[in-house]
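Step one of this worksheet: look at the structure below.
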Amino acid sequence: MTLPALSRRRFLAALGLAGAGAFLGAPLGCSAPQPAAPAQSLDRMPTRPLGHTGIQVPILSFGCVDLQPGSRILLRRAMDLGATLWETGASYGGGASERAIGEYLQAFPRDRDRLLLLTKSTAFDPDGLERELAGSLERLGVDRVDFYLLHGVDDAEVFTPELGRWVEQARSAGRFRAFGLATHKNMAPVLTAAAEHPWIDLAMVACSYRHLQEEPMRRALDACQQAGVGLIAMKTQGLASLPTDPQAEGKLLERFVAQGRSLAQARLQAVWAHPAIACICSKMPNVAILEENTAAAKAPTALGAAELEALREHALATAPAACSGCGVCQRAAGVPGAEIMRALMYTHGYGEPQRARALLGNLPSISALEPAALAQASGACPRRVPLAQAAQRAAAQLTPESTQWPAITT
Amino acid sequence: MQPRTEPQGPGRLVGVVVVLILAATAGVMITRQLRRPQRSNAATTLSATEPSALEGLSMPWPAANPTERYGPDRLYEKVNGQADLYLQAGFSSLECRRFADPADPEGSIELRLFTMESAQAARSVHALQRRPEGAPMDADIDGECLDGACFLAHGPWYLELLPSSPGPERDLPSRALAHAFVDAHAVGAVQPEPSLPTQGLVAGSVAHGVQDAYGVGSLDGVSTAAYQIDGHRLLAWVARLESDAQADALADRVVDELEALGGSEQTQDGLQGARVVEFLDSACAVVVRGSRVAGVQEAHDPQAAVDLAARLVAHRPSELAP
């Protein structure tokens with residue numbers, strides 16, 4: 001069985017969106033599986049405590065990255081459906097996202113009390129934070145937000161005593177209730193370091209069922225949980241740079257469809273099942289997707305232990321072929337491993353060989369890569385991706401000199 | 001007090017060796033630090049054979065790093081969740097380069113050059129992230145500056161100039177870098193937006209190919225714009241379909257979606273083909289003319305919404321987005 005090719009829109013949706021699902025069940029890849037919230041009414045969005053903040057958050061938050069002014073239909077629907085944690089950022093749409101929320105709150109000020117606002121700063125120093133926070137509060141039309149985060153932290157060196165003092169002062173002044181960070185790269189070290197700073201209350205982290213199999217990530221999540229750092233997961237589908245095995249994916253898909261859920265929903269459930277995760281943030285650009293996700297988030301069906309195990313096995317079985325796109329191979333040996341692996345993902349995961357060829361066409365010939373360099377690159381790879389095999393496969397299937405070139409069709 | 005004695009013979013030799021080892025270690029560490037990749041190290045560095053609009057420019061500040069390029073596949077690594085905005089509009093590549101402040105070793109300005117598939121696409125991504133609080137750039141440049149950062153559309157490019165330490169003191173150098181790029185890449189003068197009536201149109205607000213406009217799932221691939229009429233802002237959308245039937249169907253879907261969310265359609269006696277749905281203390285209008293359909297969201301007044309929507313569908317565009 002092969003998966004159908006994804007259109008660009010569906011591909012984007014798979015990266016940024018999700019289906020949704022229930023939250024109960026055994027966690028994946030963690031030592032003490034316990035549902036964070038027992039049976040709750042299906043009429044409302046389940047909530048969980050966010051670390052040591054004392055704040056209950058809905059398990060599904062509304063990602064507002066593409067929000068534009070004039071979207072009160074979408075925002076009101078999110079309120080009604082219980083997606084009442086709105087995630088935005090000073091940089092989103094040059095402030096358009098925050099302005100859209102501000103206009104909504106100006107029209108419906110009473111909704112502020114039912115709402116949790118999260119926004120982020122691209123500046124990490126006190127002066128920059130001061131400036132960006134002031135701008136965010138002005139655009140949002142509020143005098144404080146609930147959560148204020150550093151946007152895109154990939155180096156724990158930003159956690160300076162100077163920053164800590166600013167956080168304590170601004171939090172005491174009531175400009176936000178809790179402070180944290182969002183991290184997309186180098187996540188485990190960043191989270192581990194964050195857990196050591198008592199002034200860090202929460203973290204948004206790219207976290208899929210694949211990430212949950214990685215020991216450094218599991219340890220980092222555990223460290224955050226023990227330190228009381230609340231965790232919000234994003235990028236939960238884990239497809240961005242991971243090649244997939246169509247046959248294995250197909251078997252998983254059949255299994256979950258038979259249960260009435262999609263693979264995307266199952267992936268979400270696996271993340272929700274981790275006890276450290278309080279919430280999943282998902283971009284929901286229209287009402288239909290918002291309703292689909294929130295309905296599934298309220299669904300009583302849990303992902304059972306057998307399904308979690310199936311996902312875990314799939315993740316482990318395909319892990320050697322999975323590339324996180326860290327670029328270590330490029331730096332260590334000049335081998336563009338991330339591009340090679342992504343090209344294979346396009347071909348075999350999404351049925352888009354033309355896209356794969358376009359990607360490889362921008363690179364020096366992979367056929368000319370030296371075996372020694374490939375071995376060095378694989379040795380440096382944190383995931384030990386077999387880059388020699390991958391390069392051989394890509395060269396055989398995706399280069400103009402390949403005999404298989406004409407055989408691959410979309 | 002004992003007189004200090006200098007080490008002699010083998011002892012002195014050991015000391016010299018230790019100092020040399022320490023110096024060499026420090027040298028290696030410094031070299032490694034200097035060679036440490038920047039935060040965007042996952043990007044592809046441009047090869048000598050790839051043309052770049054940033055190469056060969058006479059910039060007022062020296063380049064601090066090689067140009068990095070991000071294709072559609074890795075754009076998200078640089079701009080995270082905002083990547084969709086560019087991809088949906090028609091994105092080709094992003095090139096990034098930092099320029100160092102000659103007077104401040106810590107200071108720099110990063111130039112982000114988004115190459116879009118057309119000038120219209122570049123203007124669209126700019127329109128969707130305009131900083132209305134920013135100061136306009138010069139008359140010949142379609143852009144604005146805020147806290148020392150500049151944002152502009154120029155031909156098929158959308159540029160961002162982002163200082164390492166934002167502040168008004170960076171305004172002039174950012175503008176100078178922007179001018180250097182603009183001067184090196186001549187494009188035709190920006191024409192008035194041809195697809196929409198210009199009276200009341202907010203400059204720079206037109207975006208084409210917008211998906212899920214205003215959060216309405218039916219509004220995919222439409223053009224959006226803001227109008228300022230009689231002191232009120234009106235948010236509009238317009239689309240040209242392949243047939244009259246498709247235009248009617250789109251209007252039906254929009255009205256149905258609004259009604260499903262609690263809106264109520266109001267009877268319209270005036271303009272034929274106009275429909276109004278009142279929703280959340282505001283009015284949404286949809287007007288169909290042949291294969292054209294236009295609408296206004298969140299208007300303060302139903303009649304103002306219908307009037308503008310009617311103007312939009314009556315406009316004879318030369319390149320209305322399909």
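In what follows, every chain begins at residue 1, and chains take the letters A, B, ... in the order their sequences are listed.
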**Report entry** Among B:L146, B:L261, B:V79, B:L219, residue most engaged with chain A (heavy-atom pairs, under 4.5 Å)
**Finding:** B:L261
**Report entry** Contacting moiety of A:E138, where chain B heavy atoms sit under 4.5 Å
**Finding:** neither
Query raised in the report: Is it the backbone or the side chain of A:E87 that comes under 4.5 Å from a heavy atom of chain B, or both, or neither?
Result: neither
Query - Among the listed options A:V287, A:N186, A:D125, the residue most often paired with chain B at heavy-atom distances under 4.5 Å - result: A:V287
Requested in this report: Please name all residues satisfying side-chain hydrogen bond (donor to acceptor under 3.5 Å, both in side chains) with A:R114, sequence neighbours left out, ordered by chain then number.
Outcome: A:D111
Query raised in the report: With a 4.5 angstrom heavy-atom cut-off, which part of B:L258 approaches chain A: side chain, backbone, both or neither?
Result: side chain
Query raised in the report: Can you say whether A:A288 sits under 4.5 Å from chain B via the side chain, the backbone, both, or neither, judging by heavy atoms?
Result: neither
Query raised in the report: Out of A:H184, A:R72, A:R139, which one racks up the most heavy-atom pairs below 4.5 Å with chain B?
Result: A:R72
Report summary line: Correct closest heavy-atom pair for A:A96 and B:L128 would be CB-O, 3.9 Å
Query - Residue pair B:Q211, A:D66: steps toward the side chain to side chain contact (heavy atoms under 4.5 Å, CB included) verdict - result: CA-CA 10 Å; B:Q211 299 198 357; A:D66 289 340; over 6 Å; no
Report task. Using atom types as modelled and distance alone, determine if a side-chain donor or acceptor of A:R76 lies under 3.5 Å from a backbone N or O of B:L280. Result -> no
Query raised in the report: Side chains of A:Q68 and B:V210: does their closest heavy-atom pair fall under 4.5 Å?
Result: no
Report task. Mind checking the CG-CG spacing from B:D220 to A:N286? Nearest 0.5 Å is all I need. Result -> 7.5 Å
Query raised in the report: What is the distance from atom CG of B:D212 to atom NZ of A:K283, rounded to the nearest 0.5 Å?
Result: 8.5 Å
**Report entry** Heavy-atom proximity to chain B below 4.5 Å, by part of A:P69
**Finding:** both
Report summary line: Greatest number of non-hydrogen atom pairs under 4.5 angstrom with chain A, of B:S165, B:P132, B:A260, B:C284, falls to B:P132
Query raised in the report: At a heavy-atom separation under 4.5 Å, does B:E298 approach chain A through its side chain, its backbone, both, or neither?
Result: side chain
**Report entry** Side chain / backbone / both / neither for A:R77 at chain B, heavy atoms under 4.5 Å
**Finding:** side chain
Requested in this report: Heavy atoms only: give me the nearest B:Q82-A:G93 pair and the separation to one decimal.
Outcome: OE1-N, 3.8 Å
Query raised in the report: In terms of heavy-atom proximity below 4.5 Å to chain B, should A:S91 be classed as side chain, backbone, both, or neither?
Result: both
Report task. Please list, chain by chain and in numerical order, all residues satisfying disulfide (SG to SG under 2.5 Å) with B:C145, sequence neighbours excluded. Result -> B:C150
Requested in this report: Measure B:E133 against the heavy atoms of chain A and call it side chain, backbone, both or neither at under 4.5 Å.
Outcome: side chain
Requested in this report: Determine the minimum heavy-atom distance between B:G215 and A:S71, stating which atoms define it.
Outcome: N-OG, 4.1 Å
Report summary line: Okay, B:R233 and chain A: the region with an atom under 4.5 Å from a heavy atom over there is side chain
Report task. Just do the side chain to side chain contact (heavy atoms under 4.5 Å, CB included) check on A:I73 and B:Q297 with the steps written out, would you? Result -> CA-CA 10 Å; A:I73 290 171; B:Q297 291 293 113; 3.6 Å; yes
